[in-house]
Amino acid sequence: RQNKAARAEAVQAILDTLSSDDPAAALSVLKQLDSAGVASSDAFYHTIFDRWSMNDPVADWAAAQEFPPGKARQLADQQIFNQWMQNSPAEAIAAYQQLDPGTRLKMFQNGGDYILNTAYSRWAQQDPQAAFTSALTLTSAQTRDAALANVFTNWAAQDPSAAWAALSQIPGIGARSAAQTNILSVMGQDDPPAAYTLLQQLPAAQRNPDLYGDIFRTWAADDPATAV
């Protein structure tokens, strides 16, 4: 047992070093070790795919597809996408959209909607206009509306005026109203007077009563004299 544990530690140390410099070579070595019955732990693959996804998620993704379906493959796919959507959300979204629905269900929980939501949120932090344009092309109304909600929350934090101007491009009253509320909620935290002014300009039927409370709570904490 001690020899087996020591061997596993040695393999892990070697793969840690090799995967940092050349993850493709590390994966090749691991496959050879597996064939010889030396290494079989999923943790070894986890180390390689994790390191690889930080630098080249496209190549990492291609390599993962060579593995047969199963829990290890599923974990690798999730791991790659989690890193990919942080570094290059637009690429991650494009790769995800190329997957058929059946594959998405096998790879990700809930069909992977959380992947899109997280990726669009991250993309909106980097380039909200591009993220918005892409989200509008999503064919599923439910998926599109969820992506738009994430986009506008992040967009409002950066440029509420631009986000507000884009509202008219959103199809569907429900999605437009949700995005509008998201903008006002963010503005209510950052600039309560401006949020209040915008809210007052809306038709009475579109004014969310809850927003008044949120806006004035922040306003009163910042400047109680003008909030009254």
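Only this structure's heavy atoms are used, side chains among them; waters, hydrogens and symmetry mates stay out.
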Donor-acceptor check, side chain of [X] to backbone of [Y], threshold 3.5 angstrom: yes or no?
X: Thr197; Y: Pro193; value: yes
X: Ser88; Y: Trp84; value: no
X: Ser177; Y: Ile173; value: no

[X] vs [Y] side-chain heavy atoms within contact, under 4.5 Å:
X: Ile170; Y: Phe152; answer: yes
X: Ile93; Y: Met85; answer: no
X: Leu202; Y: Gln180; answer: yes
X: Asp222; Y: Pro192; answer: yes
X: Gln97; Y: Leu138; answer: yes
X: Pro89; Y: Tyr120; answer: no

(request) Over 60° means perpendicular and under 30° means parallel, so classify the ring planes of Phe216 and Trp219, tilted if in between. (result)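 Ring orientation of Trp219 relative to Phe216: parallel.
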
(message) Check the orientation of Trp155 and Phe132. Use parallel for under 30°, tilted for 30 to 60°, and perpendicular for over 60°.
(response)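 Trp155 vs Phe132 ring planes: tilted.
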
Can [X] and [Y] be counted as having a side-chain donor-acceptor contact under 3.5 angstrom?
X: Asn182; Y: Ser185; result: no
X: Gln200; Y: Tyr212; result: yes
X: Gln86; Y: Asn82; result: no

(request) Please name the pair of heavy atoms, one in Leu136 and one in Pro171, separated by the smallest distance, quoted to 0.1 Å. (result)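 Heavy-atom minimum between the residues: CD2-CD, 3.7 Å.
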
(request) State yes or no: do Tyr196 and Leu198 share one hydrophobic cluster built from I, L, V, M, F, W and Y residues joined by side-chain heavy-atom distances below 4.5 Å, directly or via other members? (result) yes

(message) I'd like to check the side-chain contact (heavy atoms from CB on, under 4.5 Å) partners of Ala194; sequence neighbours left out, ordered by chain and number.
(response)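 Partners of Ala194 under the side-chain contact (heavy atoms from CB on, under 4.5 Å) test: Met187, Asp191.
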
